Amino acid sequence: NAGVTQTPKFRVLKTGQSMTLLCAQDMNHEYMYWYRQDPGMGLRLIHYSVGEGTTAKGEVPDGYNVSRLKKQNFLLGLESAAPSQTSVYFCASSRKGSEKLFFGSGTQLSVL
Amino acid sequence: EDQVTQSPEALRLQEGESSSLNCSYTVSGLRGLFWYRQDPGKGPEFLFTLYSAGEEKEKERLKATLTKKESFLHITAPKPEDSATYLCAVTGGSNYKLTFGKGTLLTVNP
């Protein structure tokens, strides 16, 4: 039972570099989310998707893009990384209309 | 805008010493209040959902309660394995997206 899998687990970028975080879920969930977690800030929603081919902005979407080409995958992209994007990123999924989220184990991203 | 405030920020207990964590919230038309547990280096794990004032949920040594303004997570006779960060979140109105608090870091010493 893999649940929600995030890759990579750790990454270091230089300012201006780009990268993509991959999230995969095997629970056939409709909804998927990307959060960032910073000390003293709690979890903040970046983008989310309510179904294949659909995405929407969350609380802190600037500097990020997402795509959901397949139901089981949700990609988070950073086109030009900035030090302010240093954070731990969590992907989550849920059944349609449910607020019971299943989280991945996170990606620690450092932007130098 | 939905707001969630958790207190204390950190709590240190001796094994067997019962206590409570607080989650106060401001939301327009509460849909649900959620408790999650987060272990170091891992993602949050769902514990409870509460929907209306007066509702209670229990799981092992944990009991969650809800009033119109706040929720409490009561920990009875905690063990070291209960050490974790406990997160509270709410959804309100037609917004099904979760608003999280900053969490309470609980440490239980043997």
Side-chain angles (χ1 to χ4, degrees), chain A residues 1-10 21 23-25 27 29-51 54-61 74 87-109, chain B residues 1-10 21-27 29-52 55 57 59 64 66 71 84-106:
Chain A
N1 294 331
V4 179
T5 303
Q6 292 183 232
T7 54
K9 294 188 182 300
F10 303 95
L21 306 183
C23 176
Q25 54 95 3
M27 296 173 282
H29 284 168
E30 289 289 338
Y31 294 178
M32 296 187 74
Y33 312 81
W34 276 107
Y35 286 88
R36 60 178 289 174
Q37 187 174 42
D38 302 291
M41 297 294 293
L43 282 160
R44 292 181 292 170
L45 183 64
I46 304 171
H47 286 280
Y48 64 99
S49 168
V50 297
T54 69
T55 63
K57 294 180 180 180
E59 181 184 358
V60 288
F74 196 28
S87 187
V88 180
Y89 291 85
F90 287 100
C91 177
S93 70
S94 71
R95 295 196 314 269
K96 182 178 180 180
S98 172
E99 297 103 339
K100 180 179 178 180
L101 271 58
F102 294 80
F103 284 85
S105 58
T107 295
Q108 174 72 59
L109 175 66
Chain B
E1 181 179 330
D2 300 345
Q3 290 189 336
V4 177
T5 302
Q6 292 188 244
S7 62
E9 292 185 5
L21 312 182
N22 178 264
C23 171
S24 62
Y25 62 89
T26 302
V27 64
L30 179 71
R31 283 170 44 90
L33 185 139
F34 308 84
W35 284 98
Y36 284 79
R37 169 189 170 129
Q38 186 174 21
D39 293 304
K42 296 188 177 182
E45 179 180 353
F46 173 82
L47 290 173
F48 303 110
T49 306
L50 301 167
Y51 292 107
S52 58
E55 188 174 0
K57 293 277 181 70
K59 181 179 181 179
L66 180 65
S71 175
T85 296
Y86 290 86
L87 303 173
C88 175
V90 298
T91 56
S94 60
N95 179 8
Y96 59 84
K97 298 187 293 293
L98 291 169
T99 298
F100 282 88
K102 297 178 181 179
T104 293
L105 174 61
L106 175 66

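Lettering of chains follows the sequences in order, A, B, ..., and the numbering in each one begins at 1. Bear in mind the structure is a predicted one, so any value in this text is a computation, not a measurement.
Note that CZ of F46(B) is 7.5 Å distant from OG of S98(A), once rounded to the nearest 0.5 Å. The line from CE of M41(A) to CZ of F100(B) is 14.5 Å long, rounded to the nearest 0.5 Å. To the nearest 0.5 angstrom, L47(B) atom CG is 10.0 Å from K100(A) atom NZ.
Most heavy-atom pairs under 4.5 Å with chain B, from the set L101(A), L45(A), V4(A): that is L101(A).
The contact between Q37(A) and chain B is made entirely by side chain atoms (from C-beta outward), counting heavy-atom distances below 4.5 Å. No part of E45(B) comes within reach of chain A, as not one of its non-hydrogen atoms sits under 4.5 angstrom from that chain. For Y35(A), the part sitting under 4.5 Å from any heavy atom of chain B is the side chain, from C-beta outward, and nothing else.
Counting all heavy atoms, side chain and backbone alike, L98(B) lies closest to E99(A) at CD1-O, 3.7 Å. Taking both residues in full, the closest heavy atoms of P44(B) and F103(A) are given as O-CD1, 3.3 Å, listed atom of the first, atom of the second, then distance.
Within a 6.0 Å sphere centred on CD of E9(B), other residues, nucleotides and ligands contribute 12 heavy atoms or fewer.
Judged by distance alone, with hydrogens and angles left aside, the side-chain atoms of K102(B) form no donor-acceptor pair with the main-chain N or O of G42(A) at under 3.5 Å.
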